[in-house]
Amino acid sequence: MAQFDLPLDELERYRPDIPEPDDLDAFWRETLAAQEEFALDATFEPVHNGLATIDTFDVTFAGYGGHPVRGWLQLPAVRTGPLPVVVEYLGYGSGRGVPHEKRLWADAGYAHFVMDTRGQGAETPDPDPATGDVAAPGFLTRGVLDPDRYYYRRLYTDAVRAVAAARSHPDVDPARAVVTGTSQGGGIALAAAGLVPDLVAALPDVPFLCHFPRATTITDAPPYGEVTRFVKLHREHAATVARTMSYFDGATLARRANAPTLFSVGLMDHICPPSTVYAAFNHYGALRNVDQADKQIRAYPFNDHEGGGPDHEVVKLEWLAKQLESTV
(Lines give C-alpha, C1' and ligand atoms only; values in the text may rest on other atoms or scores of the structure.)
Protein backbone atom coordinates (compact mmCIF):
# COMPACT_ATOMS: atom_id res chain seq x y z
CA MET A 1 0.00 0.00 0.00
CA ALA A 2 1.34 3.44 -0.90
CA GLN A 3 0.34 7.02 -0.26
CA PHE A 4 -2.09 8.02 -2.99
CA ASP A 5 -3.80 11.21 -1.83
CA LEU A 6 -2.54 14.80 -1.55
CA PRO A 7 0.95 15.46 -0.09
CA LEU A 8 0.96 16.12 3.64
CA ASP A 9 1.63 19.86 3.33
CA GLU A 10 -1.43 20.17 1.06
CA LEU A 11 -3.54 18.00 3.36
CA GLU A 12 -2.73 20.30 6.27
CA ARG A 13 -4.21 23.22 4.29
CA TYR A 14 -7.05 21.28 2.68
CA ARG A 15 -10.32 23.00 3.54
CA PRO A 16 -12.66 22.45 0.59
CA ASP A 17 -15.98 24.16 0.04
CA ILE A 18 -18.39 21.34 0.92
CA PRO A 19 -21.98 22.06 -0.12
CA GLU A 20 -24.47 22.00 2.71
CA PRO A 21 -28.25 22.38 2.46
CA ASP A 22 -29.79 25.67 3.57
CA ASP A 23 -32.01 23.87 6.06
CA LEU A 24 -29.31 21.67 7.60
CA ASP A 25 -29.59 23.15 11.09
CA ALA A 26 -33.38 23.15 10.97
CA PHE A 27 -33.36 19.53 9.79
CA TRP A 28 -31.35 18.39 12.79
CA ARG A 29 -33.11 20.67 15.25
CA GLU A 30 -36.47 19.24 14.17
CA THR A 31 -35.15 15.66 14.06
CA LEU A 32 -33.86 15.80 17.62
CA ALA A 33 -36.85 17.74 18.94
CA ALA A 34 -39.19 15.10 17.55
CA GLN A 35 -37.45 12.46 19.68
CA GLU A 36 -38.43 14.22 22.87
CA GLU A 37 -41.83 12.53 22.74
CA PHE A 38 -40.02 9.27 23.51
CA ALA A 39 -38.80 8.88 27.08
CA LEU A 40 -35.14 7.93 27.21
CA ASP A 41 -35.94 5.03 29.57
CA ALA A 42 -32.28 4.11 30.07
CA THR A 43 -31.87 0.91 32.08
CA PHE A 44 -28.62 -0.49 33.48
CA GLU A 45 -28.60 -4.17 34.43
CA PRO A 46 -25.46 -5.55 36.12
CA VAL A 47 -23.91 -8.50 34.27
CA HIS A 48 -21.18 -10.94 35.24
CA ASN A 49 -18.14 -10.22 33.06
CA GLY A 50 -15.45 -12.41 34.64
CA LEU A 51 -13.32 -9.33 35.32
CA ALA A 52 -12.08 -8.37 38.79
CA THR A 53 -11.46 -4.68 38.10
CA ILE A 54 -14.43 -3.62 35.95
CA ASP A 55 -18.18 -3.59 36.57
CA THR A 56 -20.35 -4.02 33.49
CA PHE A 57 -23.97 -2.99 32.96
CA ASP A 58 -26.18 -4.13 30.11
CA VAL A 59 -27.81 -0.93 28.84
CA THR A 60 -31.00 -0.36 26.91
CA PHE A 61 -32.27 3.10 25.97
CA ALA A 62 -34.77 4.57 23.53
CA GLY A 63 -33.05 5.80 20.38
CA TYR A 64 -34.56 7.23 17.21
CA GLY A 65 -38.33 6.74 17.09
CA GLY A 66 -38.26 5.17 20.55
CA HIS A 67 -36.50 2.10 19.10
CA PRO A 68 -34.57 0.16 21.80
CA VAL A 69 -30.80 0.49 21.45
CA ARG A 70 -28.38 -1.67 23.41
CA GLY A 71 -25.01 -0.82 24.91
CA TRP A 72 -22.50 -1.58 27.62
CA LEU A 73 -21.56 0.70 30.48
CA GLN A 74 -18.19 -0.26 31.94
CA LEU A 75 -17.04 1.24 35.25
CA PRO A 76 -13.92 0.76 37.36
CA ALA A 77 -14.87 -1.60 40.18
CA VAL A 78 -13.35 0.83 42.71
CA ARG A 79 -14.75 4.34 42.36
CA THR A 80 -15.16 7.20 44.81
CA GLY A 81 -17.36 9.61 42.89
CA PRO A 82 -18.92 10.43 39.54
CA LEU A 83 -16.56 9.76 36.63
CA PRO A 84 -15.96 11.37 33.26
CA VAL A 85 -17.64 9.22 30.61
CA VAL A 86 -16.24 8.21 27.21
CA VAL A 87 -19.07 7.36 24.80
CA GLU A 88 -17.78 5.13 22.02
CA TYR A 89 -19.36 4.46 18.62
CA LEU A 90 -18.39 1.47 16.52
CA GLY A 91 -16.95 0.71 13.10
CA TYR A 92 -18.94 -0.36 10.06
CA GLY A 93 -20.64 -3.72 10.53
CA SER A 94 -19.69 -3.93 14.22
CA GLY A 95 -21.81 -4.53 17.29
CA ARG A 96 -21.04 -4.01 20.94
CA GLY A 97 -19.58 -7.51 21.28
CA VAL A 98 -18.81 -8.84 24.76
CA PRO A 99 -17.67 -6.76 27.74
CA HIS A 100 -14.02 -7.84 27.95
CA GLU A 101 -13.34 -6.77 24.33
CA LYS A 102 -13.33 -3.07 25.21
CA ARG A 103 -11.81 -2.27 28.58
CA LEU A 104 -9.17 0.42 27.92
CA TRP A 105 -11.17 3.42 29.13
CA ALA A 106 -12.53 1.72 32.25
CA ASP A 107 -9.04 0.43 33.07
CA ALA A 108 -7.86 4.04 32.80
CA GLY A 109 -10.43 5.16 35.38
CA TYR A 110 -13.24 6.44 33.15
CA ALA A 111 -16.83 5.39 32.71
CA HIS A 112 -17.06 3.84 29.26
CA PHE A 113 -20.33 3.64 27.34
CA VAL A 114 -20.27 1.47 24.18
CA MET A 115 -23.27 1.99 21.88
CA ASP A 116 -24.46 -0.93 19.77
CA THR A 117 -25.09 0.04 16.14
CA ARG A 118 -28.65 -0.49 14.92
CA GLY A 119 -28.90 -3.11 12.23
CA GLN A 120 -25.15 -3.79 12.34
CA GLY A 121 -24.71 -5.34 15.76
CA ALA A 122 -26.50 -8.57 16.56
CA GLU A 123 -28.60 -7.08 19.36
CA THR A 124 -30.10 -3.81 18.07
CA PRO A 125 -32.43 -4.17 15.08
CA ASP A 126 -33.22 -1.28 12.75
CA PRO A 127 -37.00 -1.00 12.31
CA ASP A 128 -36.33 0.46 8.88
CA PRO A 129 -38.99 2.75 7.40
CA ALA A 130 -37.04 2.82 4.14
CA THR A 131 -37.28 -0.87 3.33
CA GLY A 132 -39.31 -0.19 0.22
CA ASP A 133 -36.59 1.97 -1.35
CA VAL A 134 -33.91 0.66 -3.68
CA ALA A 135 -30.49 0.35 -2.03
CA ALA A 136 -27.11 -1.24 -2.56
CA PRO A 137 -26.02 -3.99 -0.14
CA GLY A 138 -24.84 -2.49 3.15
CA PHE A 139 -26.07 0.57 5.04
CA LEU A 140 -24.71 3.57 3.16
CA THR A 141 -27.57 3.74 0.65
CA ARG A 142 -30.47 2.68 2.87
CA GLY A 143 -33.14 5.32 2.36
CA VAL A 144 -30.66 7.51 0.47
CA LEU A 145 -33.35 9.02 -1.77
CA ASP A 146 -34.82 11.04 1.13
CA PRO A 147 -32.99 12.63 4.10
CA ASP A 148 -35.96 11.87 6.37
CA ARG A 149 -35.67 8.15 5.59
CA TYR A 150 -31.90 7.83 5.45
CA TYR A 151 -30.31 5.23 7.72
CA TYR A 152 -27.81 7.67 9.24
CA ARG A 153 -30.59 9.97 10.41
CA ARG A 154 -31.63 7.20 12.76
CA LEU A 155 -28.07 6.26 13.71
CA TYR A 156 -26.90 9.82 14.43
CA THR A 157 -30.00 10.36 16.56
CA ASP A 158 -29.16 7.18 18.49
CA ALA A 159 -25.69 8.63 19.05
CA VAL A 160 -27.03 11.84 20.56
CA ARG A 161 -29.39 9.93 22.84
CA ALA A 162 -26.56 7.59 23.85
CA VAL A 163 -24.76 10.59 25.37
CA ALA A 164 -27.92 11.41 27.33
CA ALA A 165 -28.26 7.78 28.44
CA ALA A 166 -24.63 7.67 29.62
CA ARG A 167 -25.07 10.91 31.51
CA SER A 168 -28.13 9.55 33.33
CA HIS A 169 -26.18 6.95 35.33
CA PRO A 170 -25.46 8.07 38.92
CA ASP A 171 -21.77 7.12 38.69
CA VAL A 172 -21.25 9.39 35.67
CA ASP A 173 -20.40 13.08 35.84
CA PRO A 174 -22.73 14.53 33.17
CA ALA A 175 -20.57 17.64 32.82
CA ARG A 176 -17.59 15.59 31.58
CA ALA A 177 -18.80 13.63 28.55
CA VAL A 178 -16.47 12.66 25.70
CA VAL A 179 -17.22 11.01 22.34
CA THR A 180 -14.92 8.74 20.40
CA GLY A 181 -14.89 6.06 17.73
CA THR A 182 -12.89 4.60 14.86
CA SER A 183 -13.85 4.66 11.17
CA GLN A 184 -17.67 4.73 11.10
CA GLY A 185 -17.48 5.30 14.85
CA GLY A 186 -15.24 8.30 14.24
CA GLY A 187 -17.72 9.77 11.76
CA ILE A 188 -20.56 9.23 14.24
CA ALA A 189 -18.43 10.89 16.96
CA LEU A 190 -18.04 13.94 14.71
CA ALA A 191 -21.78 14.06 14.14
CA ALA A 192 -22.39 13.82 17.89
CA ALA A 193 -19.82 16.56 18.51
CA GLY A 194 -21.72 18.81 16.11
CA LEU A 195 -25.14 17.98 17.58
CA VAL A 196 -24.40 17.84 21.33
CA PRO A 197 -23.31 21.33 22.40
CA ASP A 198 -21.66 20.65 25.77
CA LEU A 199 -19.14 17.84 25.31
CA VAL A 200 -15.69 18.28 26.82
CA ALA A 201 -13.78 16.42 24.08
CA ALA A 202 -14.08 14.50 20.81
CA LEU A 203 -11.63 11.79 19.74
CA PRO A 204 -12.39 10.64 16.17
CA ASP A 205 -9.97 8.10 14.71
CA VAL A 206 -9.62 7.65 10.92
CA PRO A 207 -13.21 8.90 10.56
CA PHE A 208 -15.56 7.60 7.89
CA LEU A 209 -18.63 9.54 6.63
CA CYS A 210 -16.63 12.69 5.82
CA HIS A 211 -16.48 14.84 2.67
CA PHE A 212 -18.78 12.57 0.68
CA PRO A 213 -18.30 14.37 -2.67
CA ARG A 214 -14.56 13.56 -2.65
CA ALA A 215 -14.74 10.21 -0.87
CA THR A 216 -17.15 8.72 -3.39
CA THR A 217 -14.91 9.69 -6.31
CA ILE A 218 -11.39 9.13 -4.97
CA THR A 219 -11.89 5.57 -3.66
CA ASP A 220 -13.97 2.61 -4.67
CA ALA A 221 -13.08 0.65 -1.53
CA PRO A 222 -16.01 -0.38 0.64
CA PRO A 223 -18.08 1.08 2.17
CA TYR A 224 -17.91 4.19 -0.09
CA GLY A 225 -18.09 1.83 -3.05
CA GLU A 226 -21.70 1.13 -2.10
CA VAL A 227 -22.59 4.66 -3.19
CA THR A 228 -20.73 4.48 -6.48
CA ARG A 229 -22.33 1.12 -7.30
CA PHE A 230 -25.76 2.52 -6.50
CA VAL A 231 -25.33 5.61 -8.69
CA LYS A 232 -23.76 3.51 -11.44
CA LEU A 233 -27.00 1.52 -11.59
CA HIS A 234 -29.36 4.43 -10.87
CA ARG A 235 -27.82 7.31 -12.78
CA GLU A 236 -31.03 9.32 -12.56
CA HIS A 237 -30.64 9.53 -8.76
CA ALA A 238 -27.11 10.96 -8.59
CA ALA A 239 -28.18 14.49 -7.61
CA THR A 240 -30.73 13.18 -5.10
CA VAL A 241 -28.13 10.95 -3.46
CA ALA A 242 -25.66 13.83 -3.17
CA ARG A 243 -28.30 16.08 -1.63
CA THR A 244 -29.37 13.48 0.94
CA MET A 245 -25.82 12.73 1.99
CA SER A 246 -25.07 16.44 2.44
CA TYR A 247 -27.23 16.39 5.59
CA PHE A 248 -24.99 13.74 7.14
CA ASP A 249 -21.47 14.73 6.13
CA GLY A 250 -19.16 14.52 9.13
CA ALA A 251 -17.05 17.38 7.79
CA THR A 252 -20.10 19.64 7.68
CA LEU A 253 -21.45 18.65 11.08
CA ALA A 254 -17.95 19.04 12.52
CA ARG A 255 -18.13 22.74 11.68
CA ARG A 256 -20.76 23.01 14.43
CA ALA A 257 -18.66 21.31 17.13
CA ASN A 258 -17.19 23.27 20.02
CA ALA A 259 -15.32 20.66 22.08
CA PRO A 260 -11.53 20.28 21.95
CA THR A 261 -10.58 17.47 19.59
CA LEU A 262 -7.84 15.00 18.72
CA PHE A 263 -8.07 13.28 15.32
CA SER A 264 -5.97 10.51 13.83
CA VAL A 265 -5.38 9.67 10.16
CA GLY A 266 -3.45 7.05 8.20
CA LEU A 267 -1.85 8.53 5.09
CA MET A 268 -2.13 5.20 3.24
CA ASP A 269 -5.81 4.76 4.13
CA HIS A 270 -7.84 3.76 1.05
CA ILE A 271 -11.04 3.22 3.08
CA CYS A 272 -11.17 6.71 4.58
CA PRO A 273 -8.86 8.74 2.33
CA PRO A 274 -6.65 11.24 4.17
CA SER A 275 -8.08 14.27 2.33
CA THR A 276 -11.56 13.43 3.63
CA VAL A 277 -10.25 13.25 7.20
CA TYR A 278 -8.34 16.52 6.86
CA ALA A 279 -11.44 18.16 5.36
CA ALA A 280 -13.31 17.33 8.57
CA PHE A 281 -10.40 18.35 10.79
CA ASN A 282 -9.81 21.68 9.05
CA HIS A 283 -13.52 22.51 9.15
CA TYR A 284 -13.91 21.36 12.75
CA GLY A 285 -15.35 24.09 14.98
CA ALA A 286 -15.36 26.71 12.22
CA LEU A 287 -18.83 27.96 13.16
CA ARG A 288 -18.01 27.95 16.89
CA ASN A 289 -14.62 29.67 16.79
CA VAL A 290 -12.80 26.71 18.29
CA ASP A 291 -9.27 27.78 19.13
CA GLN A 292 -6.60 26.18 16.93
CA ALA A 293 -4.80 25.17 20.13
CA ASP A 294 -7.80 22.96 20.97
CA LYS A 295 -7.51 21.02 17.69
CA GLN A 296 -4.87 18.37 17.09
CA ILE A 297 -4.42 15.66 14.48
CA ARG A 298 -1.89 12.83 14.49
CA ALA A 299 -0.88 11.58 11.04
CA TYR A 300 0.60 8.10 10.59
CA PRO A 301 2.39 8.25 7.22
CA PHE A 302 2.91 4.52 6.68
CA ASN A 303 -0.38 3.25 8.05
CA ASP A 304 -3.61 2.32 6.33
CA HIS A 305 -7.02 2.16 8.00
CA GLU A 306 -5.56 0.90 11.26
CA GLY A 307 -4.17 4.41 11.79
CA GLY A 308 -1.97 4.64 14.85
CA GLY A 309 -3.38 1.51 16.52
CA PRO A 310 -2.28 0.94 20.13
CA ASP A 311 0.39 3.65 19.88
CA HIS A 312 -2.36 6.19 19.26
CA GLU A 313 -4.29 4.87 22.26
CA VAL A 314 -1.38 6.05 24.40
CA VAL A 315 -1.61 9.48 22.75
CA LYS A 316 -5.36 9.63 23.41
CA LEU A 317 -5.01 8.66 27.07
CA GLU A 318 -2.41 11.37 27.68
CA TRP A 319 -4.30 14.02 25.68
CA LEU A 320 -7.65 13.38 27.37
CA ALA A 321 -6.15 13.39 30.85
CA LYS A 322 -4.77 16.87 30.17
CA GLN A 323 -8.07 18.08 28.77
CA LEU A 324 -9.94 16.94 31.85
CA GLU A 325 -7.50 18.49 34.34
CA SER A 326 -9.26 21.83 33.96
CA THR A 327 -12.75 20.37 34.38
CA VAL A 328 -12.30 18.76 37.81
Side-chain angles (χ1 to χ4, degrees), residues 32 35-128 139 151-152 154-186 188-189 191-192 196 199 203 313 320:
L32 298 178
Q35 307 311 307
E36 293 176 6
E37 69 174 280
F38 305 104
L40 189 62
D41 284 338
T43 61
F44 302 87
E45 298 295 331
V47 297
H48 177 66
N49 60 18
L51 303 174
T53 59
I54 294 174
D55 293 334
T56 299
F57 298 84
D58 186 352
V59 184
T60 304
F61 67 94
Y64 178 90
H67 305 157
V69 177
R70 304 293 293 278
W72 297 123
L73 178 65
Q74 309 255 63
L75 299 173
V78 178
R79 45 193 186 270
T80 57
L83 301 170
V85 63
V86 177
V87 180
E88 181 174 2
Y89 310 110
L90 301 172
Y92 199 74
S94 298
R96 65 175 182 166
V98 293
H100 67 262
E101 287 183 275
K102 291 185 175 293
R103 50 180 297 166
L104 174 71
W105 293 108
D107 275 339
Y110 299 95
H112 183 202
F113 189 102
V114 181
M115 187 188 85
D116 203 37
T117 311
R118 61 167 58 227
Q120 298 184 33
E123 299 173 273
T124 302
D126 179 25
D128 186 354
F139 298 89
Y151 170 80
Y152 282 94
R154 302 189 290 283
L155 185 52
Y156 286 2
T157 301
D158 292 347
V160 170
R161 288 174 71 86
V163 174
R167 284 172 156 168
S168 73
H169 193 277
D171 285 321
V172 165
D173 180 353
R176 293 187 289 167
V178 178
V179 291
T180 192
T182 300
S183 192
Q184 176 184 252
I188 299 170
V196 180
L199 299 171
L203 296 155
E313 290 179 340
L320 185 57

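All values below come from the heavy atoms of this structure, side chains included, with hydrogens, waters and symmetry mates left out.
- Gly181 and Ala189 get closest at one heavy-atom pair: N-CB, 4.3 Å.
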Could you list the donor-acceptor pairs under 3.5 angstrom formed by side chains in residues 35-46, with sequence neighbours left out?
unit_1, atom_1, unit_2, atom_2, d
Gln35, OE1, Gly65, N, 2.7
Gln35, NE2, Thr31, O, 3.2

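- Asp107 contributes atom CG, which lies 8.0 Å from atom CG of Leu51 (distance to the nearest 0.5 angstrom).
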**Request:** Please lay out, stage by stage, how Met115 and Trp72 fare under the test side chain to side chain contact (heavy atoms under 4.5 Å, CB included).
**Result:** CA-CA 7 Å; Met115 187 188 85; Trp72 297 123; over 6 Å; no
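- Between atom CG of residue Asp55 and atom CD of residue Gln74 there is a gap of 9.0 Å, rounded to the nearest 0.5 Å.
- Using a 4.5 Å heavy-atom threshold, the side chains of Val178 and Leu203 count as touching.
- Nearest approach of Asp116 to Gly95, heavy atoms of both residues: OD1-CA, 3.2 Å.
- Between Pro68 and Thr60, the closest side-chain pair of non-hydrogen atoms falls below 4.5 Å.
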**Request:** Please assess Val179 against Val163 for the test side chain to side chain contact (heavy atoms under 4.5 Å, CB included), listing each intermediate value before the final yes or no.
**Result:** CA-CA 8 Å; Val179 291; Val163 174; 4.0 Å; yes
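- Counting heavy atoms from C-beta on, the side chains of Ile54 and Leu75 never come closer than 4.5 Å.
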**Asked** Can Glu313 and Trp105 be said to form a side chain to side chain contact (heavy atoms under 4.5 Å, CB included), step by step?
**Response** CA-CA 10 Å; Glu313 290 179 340; Trp105 293 108; over 6 Å; no
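- Phe113 places none of its side-chain heavy atoms less than 4.5 Å from the side chain of Phe57.
- Of the possible donor and acceptor atoms, one in the side chain of Glu101 sits under 3.5 Å from a partner among the backbone N and O of Val98.
- Looking only at distances, a side-chain donor or acceptor of Asp158 sits under 3.5 Å from a matching main-chain atom of Tyr64.
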Hey, can you pull the donor-acceptor pairs under 3.5 Å for the side chains in residues 83-91, sequence neighbours left out?
unit_1, atom_1, unit_2, atom_2, d
Glu88, OE1, His112, NE2, 2.7
Glu88, OE2, Lys102, NZ, 3.1
Tyr89, OH, Ala159, O, 2.9

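- Taking the side chain as every heavy atom from C-beta outward, Leu199 and Val196 approach each other to under 4.5 Å.
- One finds the CG atom of Asn49 at 10.0 Å from the NE2 atom of His100 (value rounded to the nearest 0.5 Å).
- Salt-bridge formation is not detected for the pair Arg167/Asp173: no Lys NZ or Arg NE/NH1/NH2 atom is positioned less than 4.0 Å from an Asp or Glu carboxylate oxygen.
- Proximity of Tyr92 to Thr117: side-chain heavy atoms (C-beta onward) are nowhere separated by under 4.5 Å.
- Contact annotation: the side chain of Ile188 approaches that of Leu155 to within less than 4.5 Å [non-hydrogen atoms, C-beta and beyond].
- Nearest heavy atom pair, residue Pro125 against residue Glu123, reads CD-O, 3.7 Å.
- Listed by first and then second residue, the salt bridge (charged side-chain N to carboxylate O under 4.0 Å, His left out) pairs that reach into residues 57-78 are Asp58-Arg70, Asp58-Arg96, sequence neighbours excluded.
- A heavy-atom distance below 4.5 Å is found between the side chains of Arg118 and Pro127.
- Looking only at distances, no side-chain donor or acceptor of Tyr110 sits under 3.5 Å from a matching main-chain atom of Leu104.
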**Message:** Using side chain to side chain contact (heavy atoms under 4.5 Å, CB included), reason through Tyr156 and Tyr151 one step at a time and then give a plain yes or no.
**Reply:** CA-CA 9 Å; Tyr156 286 2; Tyr151 170 80; over 6 Å; no
